[in-house]
Amino acid sequence: MFPNFLSLVSLYGTYLRRCYTATGLSSQTINIDNETTIHFWGPKETTQNQKPSLVLIHGFGPMAIWQWGQQVKFFSPHFNVYVPDLIFFGDSTTKSPERSEVFQAVSVGKLMETLGVQKYHVVGTSYGGFVAYQMAKMFRERVEKVVIASSGVNLRRRDNEALLKRAKLEKIEELMLPATAEQLRTLMILSANKRFNILPDFFFNDFIHKLYTENRMEKLELLKGLTLGREDTPNISPLQQEVLIVWGDHDQIFPIEMATELKELLGEKARLEVIENTSHVPQIDCSGQFNNIVKKFLSGSS
């Protein structure tokens with residue numbers, strides 16, 4: 001593997017950290033109980049003000065800093081932004097044997113409580129949407145508005161089977177936890193509305209080494225620990241909060257049909273916004289439109 005000073009992934013990671021710092025956020029680590037430690041990017045205590053609070057929850061992939069760059073820059077002037085690394089991503093870890101998205105939600109909720117943040121909006125993408133949904137259920141008095149982006153919360157067993165068929169893989173971990181350049185190339189082609197066939201293997205191998213090898217066994221346990229997608233029918237119920245569902249019309253991880261169904265399952269307080277010519281990561285593929293849609297929703301009156 002490349003040493004850090006020759007690694008494009010390491011260099012870009014350094015750039016991202018500087019971007020987050022430039023918005024007024026700082027890298028922080030906190031013990032939320034005797035077992036669990038969470039790393040997050042958030043406002044310095046001395047700079048907190050009366051702005052509303054916003055929690056950005058990343059998907060299953062690289063740590064949070066790689067997934068919310070354009071959102072941190074856009075939302076920081078208007079919100080106190082908190083960007084946690086979920087358990088076993090980045091420097092967040094636990095001694096607990098719990099591995100479900102419910103446990104992730106409990107942990108982020110404890111983080112916000114420990115920080116003294118009484119109310120906040122939650123935005124979750126993909127796996128992070130699973131966590132955001134669970135947080136909205138558990139912390140009804142704290143979570144205000146909810147944004148679920150490209151997240152098949154209404155996942156069925158057959159949806160996982162269909163995804164593996166599209167990816168031409170046998171196991172979900174071969175897609176979500178790629179160990180080879182070819183597996184990561186497949187994930188990126190399915191996830192982003194861009195062409196990745198022309199990128200050389202050394203780029204993907206560097207990405208895997210820097211961002212996918214740490215806590216690999218624990219992340220595999222997280223995939224196996226999901227409570228969603230085990231049954232033949234969706235295991236979700238309506239939320240009491242206003243919910244915005246944002247989806248790319250070319251999403252190949254969770255097809256657009258899932259978004260339409262999810263809106264019906266979540267009830268009258270849910271609305272759907274579809275971004276055209278966009279795949280599974282609209283916050284990256286089409287960040288400007290994504291940011292404006294979310295800000296309008298969060299800033300609007302009930």
Side-chain angles (χ1 to χ4, degrees), residues 57-61 86-87 97-109 122-140 143 145-177 186-187 190-191 219-275 278-282 297:
I57 306 180
H58 65 83
F60 206 99
L86 294 175
I87 306 301
E98 295 290 333
R99 295 292 184 267
S100 70
E101 79 282 3
V102 176
F103 177 69
Q104 298 277 19
V106 169
S107 298
V108 178
V122 176
V123 179
T125 180
S126 196
Y127 178 75
F130 299 174
V131 179
Y133 170 77
Q134 298 292 355
M135 288 184 68
K137 286 179 60 178
M138 288 186 288
F139 305 108
R140 295 179 181 179
V143 174
K145 294 184 179 181
V146 183
V147 179
I148 296 175
S150 304
S151 180
V153 180
N154 51 328
L155 189 68
R156 297 177 173 87
R157 184 183 302 159
R158 69 170 182 261
D159 294 318
N160 273 330
E161 295 169 353
L163 174 57
L164 288 175
K165 186 175 181 180
R166 288 193 296 276
K168 299 179 181 179
L169 296 171
E170 294 184 359
K171 300 178 180 179
I172 196 66
E173 58 264 30
E174 293 176 340
L175 181 66
M176 304 310 296
L177 283 173
T186 297
L187 175 60
L190 288 174
S191 297
K219 289 176 182 176
L220 178 59
E221 293 171 352
L222 290 176
L223 287 176
K224 294 180 178 179
L226 279 171
T227 66
L228 301 174
R230 293 184 175 185
E231 309 297 334
D232 294 325
T233 57
N235 183 27
I236 64 170
S237 56
L239 297 174
Q240 74 171 22
Q241 298 93 338
E242 287 185 79
V243 182
L244 173 65
I245 302 166
V246 186
W247 224 272
D249 64 342
H250 290 170
D251 194 330
Q252 296 185 75
I253 302 294
F254 298 129
I256 188 64
E257 292 79 14
M258 294 185 71
T260 304
E261 182 192 54
L262 180 59
K263 177 182 179 297
E264 299 303 316
L265 291 170
L266 290 180
E268 296 180 355
K269 292 187 176 181
R271 54 177 285 195
L272 171 63
E273 291 278 356
V274 177
I275 301 179
T278 304
S279 191
H280 185 62
V281 285
F297 169 71

When rounded to the nearest 0.5 Å, the distance separating CD of Glu161 from CD1 of Ile172 is 10.5 Å

Within the 4.5 Å heavy-atom criterion, are Val122 and Val147 side-chain neighbours or not? no

Could you verify whether a donor N or O on one side chain and an acceptor N or O on the other, from Ser279 and Gln252, lie under 3.5 Å apart?
no

What I'd like to find out is whether the side chain of Leu262 reaches to under 4.5 Å of the side chain of Phe254, using heavy atoms alone. no

In this structure, NZ of Lys269 is separated from CD of Gln240 (nearest 0.5 Å) by 6.5 Å

Under the side-chain hydrogen bond (donor to acceptor under 3.5 Å, both in side chains) criterion, do His280 and Ser126 qualify, and how do the steps go? CA-CA 8 Å; His280 185 62; Ser126 196; 2.9 Å; yes

Show your reasoning for whether salt bridge (charged side-chain N to carboxylate O under 4.0 Å, His left out) applies to Asp232 and Arg157.
-> CA-CA 6 Å; Asp232 294 325; Arg157 184 183 302 159; 3.7 Å; yes

Point to revise | Leu244 side chain reached by Val146 side chain, heavy atoms, under 4.5 Å | key: no

Paired with Ser150, the side-chain contact (heavy atoms from CB on, under 4.5 Å) test is passed by just one of Ile275, Asp251, Ile245, Val246, namely Asp251

- Task: Taking the side chain as every heavy atom from C-beta outward, state whether Leu164 and Lys171 have any pair of such atoms under 4.5 Å apart.
- Result: no

Quiz item: So do Met258 and Leu155 actually touch side chain to side chain, heavy atoms under 4.5 Å?
Solution: yes

Taken to the nearest 0.5 Å, the spacing of Phe60 CZ from Leu226 CG works out to 7.5 Å

4.5 Å side-chain heavy-atom contact, Leu163 and Leu169: no

The reported gap from CD1 in Ile57 to OH in Tyr127 (rounded to nearest 0.5 angstrom) is 10.5 Å

Less than 4.5 Å apart, side chain to side chain, heavy atoms only: is that true for Leu239 and Lys137?
yes

With a 4.5 Å cut-off on side-chain heavy atoms, are Ser151 and Thr125 touching? no

Rounded to the nearest 0.5 Å, the NZ atom of Lys168 sits from the CG atom of Leu175 at a distance of 13.5 Å

